[in-house]
Amino acid sequence: MSLCVAHLWRKWYNITMKQIEITKNDAGRRLDRFLRKYLPKASLGSIYKIIRKDVKVDGKRRDEKYMLSEGEILTLYLSDEMIAELRGGTDSELEETKSSVRARRNFKIVYEDENILVADKPFGLLTHGDSSEKKNHLANQVKDYLIETGEFNPREKVFAPAPANRLDRNTTGMVLFGKTAEALKDLNKMIREGGIRKFYLTLCYGAVEEELHLTGSLSKDEKTNTVNVSDRPSSESKDIETIVRPLAIYTGKGMTVSLVEVELVTGRTHQIRAHLASAGHPLLGDYKYQTRAVTKHNLGLKNKYEINTQLLHSARLEFVECTEALEYMEGKQIETDMPESFGRILGELRMMKEF
């Protein structure tokens, strides 16, 4: 087909050329996986059809397994309307949203280099968005910060800086972000394989006098949004492992409280809260996993200190076995101070005051 005829054919069917330059963060992906990210509204069947008929990479047809490289030009032969529909909005609308809507920043930066960022998440902030909060969550706040500093270009088509771990809304402390696609992949691998040790501080009821090495199986109850710990694994449960190390024990009228450091060997939803409660040491202020014996004490916390959720803080990260790209982090420890509300309660305990 001559260029003139091809031009008339595209115009007749309202087909245009959309050219996409593959950036460093978008490189190293299979063509089909790139397009599934770039065109999230398209079905898998539609993606394969587009690859067969409507895509070229540097002017050549490629199959779905082709690995994209930095600097290549991917050309989509689709109408602007079709691309907008399959992306869920036009490029201009997406760019306008990215540039004009900013999440209010209220996190602190504990550590940052060219590959990773460690954010200190405050109380009450979601790590990711959900149905109740789609804009002002930690992931968006970090992304907006990196846009402002020029370290993230929102024009990159399928990659955005993202957290490699997550904390519950009311758990405070450190969340690891990969600033590049390679760094995020490496952080996920290191966490999955135990290359990063995660330590938490918490206050729990009862006297923890020696190190506890807790194991078991955890299953989720979707109806109550809680988890259950059992010593009998099932097809729907996941193995968990938690190490609890005592730091101090405080005794007041009618109750005993322990300050402990908790190491998460596995990282499951509500693992620390449920595992310690199942071992007879529910966390202070944790109404979801409280036992009957501590109900009145939690009520006292709420009435006197307005504490109505768990006191749990991600306080330390230790890099023990790193990938080649992040080898410079090996042996490093990153720490962050406990929040004011946690410190206030701890101060009361240290002065041996009653709640």
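- Contact check on E211 versus R245 returns a salt bridge, with a Lys/Arg side-chain nitrogen under 4.0 Å from an Asp/Glu carboxylate oxygen.
- Exactly one of T309, L126, L125 qualifies for a side-chain contact (heavy atoms from CB on, under 4.5 Å) with R169. That residue is L126.
- The OG1 atom of T75 sits 11.5 Å away from atom CG of D54, with the distance rounded to the nearest 0.5 Å.
- The hydrophobic cluster containing Y48 also contains L76, counting ILVMFWY residues as joined when their side-chain heavy atoms lie under 4.5 angstrom apart, directly or transitively.
- Between the side chains of T226 and D221, not a single donor N or O lies within less than 3.5 Å of an accepting N or O.
- In this structure, the side chains of L167 and T172 stay at 4.5 Å or more apart for every pair of heavy atoms.
- For D337, the CG atom is loosely surrounded, since the number of other residues' heavy atoms within 6.0 Å does not exceed 12.
- Proximity of N225 to K220: side-chain heavy atoms (C-beta onward) are separated by under 4.5 Å at one or more points.
- Applying the side chain to side chain donor-acceptor pair (under 3.5 Å) criterion to T291, with sequence neighbours excluded, gives no partner residue.
- No donor-acceptor pair under 3.5 Å is formed between the side chain of R29 and the backbone N or O of S69.
- A donor-acceptor contact shorter than 3.5 Å links the side chain of R61 to the backbone of V55.
- Contact of the F152 side chain with the D144 side chain is not registered, since no non-hydrogen atoms from C-beta on lie closer than 4.5 Å.
- For H313 and Y200, the ring centers sit 6.0 Å or farther from each other.
- A salt bridge links E193 with K189: at least one charged nitrogen is closer than 4.0 Å to a carboxylate oxygen.
- In this structure, S258 contributes its side chain and G206 its backbone to a donor-acceptor pair below 3.5 Å.
- Here the side chains of V320 and E330 are not in contact, with every heavy-atom distance at 4.5 Å or above.
- Note on L284: it clusters hydrophobically with Y250, by side-chain heavy-atom contacts below 4.5 Å among ILVMFWY residues.
- At distances below 3.5 Å, not a single donor-acceptor pair connects side-chain atoms of T256 with backbone N or O atoms of T251.
- Checking side-chain atoms of Q271 against main-chain N and O of T266 turns up a donor-acceptor pair under 3.5 Å.
- A salt bridge between R316 and E318 is present, with a side-chain N of the basic residue lying under 4.0 Å from a carboxylate O of the acidic one.
- For the atom pair T242 OG1 and E263 CD, the distance stands at 9.5 Å (nearest 0.5 Å).
- Note on R30 versus E64: no salt bridge recorded, every NZ/NE/NH1/NH2 to OD/OE distance being 4.0 Å or above.
- Comment: K179 does not engage E114 in a salt bridge, judged by the lack of any side-chain N to carboxylate O separation of less than 4.0 angstrom.
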Next item on the list: Using the salt bridge (Lys or Arg N to Asp or Glu O under 4.0 Å) rule, take K65 and D63 through it: C-alpha gap first, then chi angles, then the decisive distance, then the call.
Entry: CA-CA 6 Å; K65 295 180 181 179; D63 66 24; over 6 Å; no
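- Within 6.0 Å of atom NZ in K238, 12 or fewer heavy atoms from other residues, nucleotides or ligands are found, so the atom counts as exposed in its surroundings.
- Inter-residue side-chain proximity for V260 and L247 is flagged as unmet; no heavy-atom pair is nearer than 4.5 Å.
- No continuous path of ILVMFWY side-chain contacts below 4.5 Å connects L299 to I345, so the two sit in separate hydrophobic clusters.
- In this structure, F199 is not a member of the same hydrophobic cluster as I272, with clusters built from ILVMFWY side-chain heavy atoms closer than 4.5 Å.
- As a member of the Ile/Leu/Val/Met/Phe/Trp/Tyr network built from side-chain separations under 4.5 Å, I334 groups with V110, Y111, I116, V118, M174, L176, L187, M190, I191, I196, L317, F319, L326, Y328, M329.
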Next item on the list: Verify side-chain contact (heavy atoms from CB on, under 4.5 Å) between L138 and F177, making sure each step is shown before the conclusion.
Entry: CA-CA 10 Å; L138 181 63; F177 281 79; 3.9 Å; yes
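- A salt bridge does not link K60 with D58: none of the charged nitrogens is closer than 4.0 Å to a carboxylate oxygen.
- The closest side-chain donor-acceptor pair between Y205 and N298 falls under 3.5 angstrom.
- Put simply, M255 and Y289 are part of two different groups of oily side chains (I, L, V, M, F, W, Y) that touch within less than 4.5 Å, one to the next.
- No donor-acceptor contact under 3.5 angstrom links the side chains of Q310 and N170, judged on distance only.
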Next item on the list: Begin with the C-alpha distance, continue with both residues' side-chain angles, and end with the deciding distance and a verdict on side-chain contact (heavy atoms from CB on, under 4.5 Å) for N228 and L218.
Entry: CA-CA 6 Å; N228 300 304; L218 181 146; over 6 Å; no
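- The backbone N or O of Y145 lies less than 3.5 Å from a partner atom in the side chain of T149, making a donor-acceptor pair.
- Listed for the K121 side chain is a donor-acceptor partner under 3.5 Å among the backbone atoms of D168.
- Summarising the geometry, atom SG belonging to C322 is positioned 9.0 Å from atom CG belonging to D186; distances are rounded to the nearest 0.5 Å.
- Under the 4.5 Å side-chain criterion, counting only non-hydrogen atoms from C-beta, V57 is in contact with L68.
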Check: Yes or no on salt bridge (Lys or Arg N to Asp or Glu O under 4.0 Å) for K41 and E85, after CA distance, side-chain angles and deciding distance?
Finding: CA-CA 7 Å; K41 301 297 183 181; E85 181 180 343; over 6 Å; no
Notebook entry, point to check: side-chain contact (heavy atoms from CB on, under 4.5 Å) between H281 and V208: does it pass, once the steps are laid out?
Noted result: CA-CA 8 Å; H281 299 288; V208 180; 3.7 Å; yes
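- Annotation for K332: atom NZ counts as buried by contact number, over 12 foreign heavy atoms lying within 6.0 Å.
- Nearest heavy-atom pair across T23 and E70 is C-CG, 4.0 Å.
- Counted within 6.0 Å of CD on E72, heavy atoms from surrounding residues, nucleotides or ligands total more than 12; the atom is thus considered enclosed.
- E241 and H275 share no side-chain donor-acceptor pair at under 3.5 Å.
- The two atoms that bring F342 and T202 nearest to each other are CZ-CA, 3.7 Å, heavy atoms only.
- The shortest heavy-atom contact between V265 and I243 is CG2-CD1, 3.9 Å.
- Annotation: cation-pi geometry satisfied between R105 and F107 (NZ/CZ under 6.0 angstrom from ring centroid, within 45° of ring axis).
- Counting heavy atoms from C-beta on, the side chains of L311 and L346 never come closer than 4.5 Å.
- Heavy atoms from other residues, nucleotides or ligands lying under 6.0 Å from CE of M82 number 12 at most.
- Pairing each heavy atom of V142 with each of A119, the nearest pair is CG2-CB, 4.4 Å.
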Notebook entry, point to check: Should I240 and V229 be marked as a side-chain contact (heavy atoms from CB on, under 4.5 Å) after you check the CA-CA gap, both sets of side-chain angles, and the distance that decides it?
Noted result: CA-CA 9 Å; I240 56 173; V229 176; 4.1 Å; yes
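- Looking only at distances, a side-chain donor or acceptor of R87 sits under 3.5 Å from a matching main-chain atom of Y38.
- Looking only at distances, a side-chain donor or acceptor of N25 sits under 3.5 Å from a matching main-chain atom of A181.
- Within 6.0 Å of the CD atom in E151, the count of heavy atoms belonging to other residues, nucleotides or ligands exceeds 12.
- Looking only at side-chain heavy atoms (C-beta outward), L86 and I50 come within less than 4.5 Å of each other.
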Item checked: Test salt bridge (Lys or Arg N to Asp or Glu O under 4.0 Å) applied to E340 and R344, step by step -> CA-CA 6 Å; E340 186 273 335; R344 186 172 72 250; 3.0 Å; yes
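- Here the side chain of N188 pairs a donor or acceptor atom with the backbone of L184 at under 3.5 angstrom.
- For the pair S217 and S237, the tightest heavy-atom approach, listed with the atom from each and the gap, is CB-OG, 3.6 Å.
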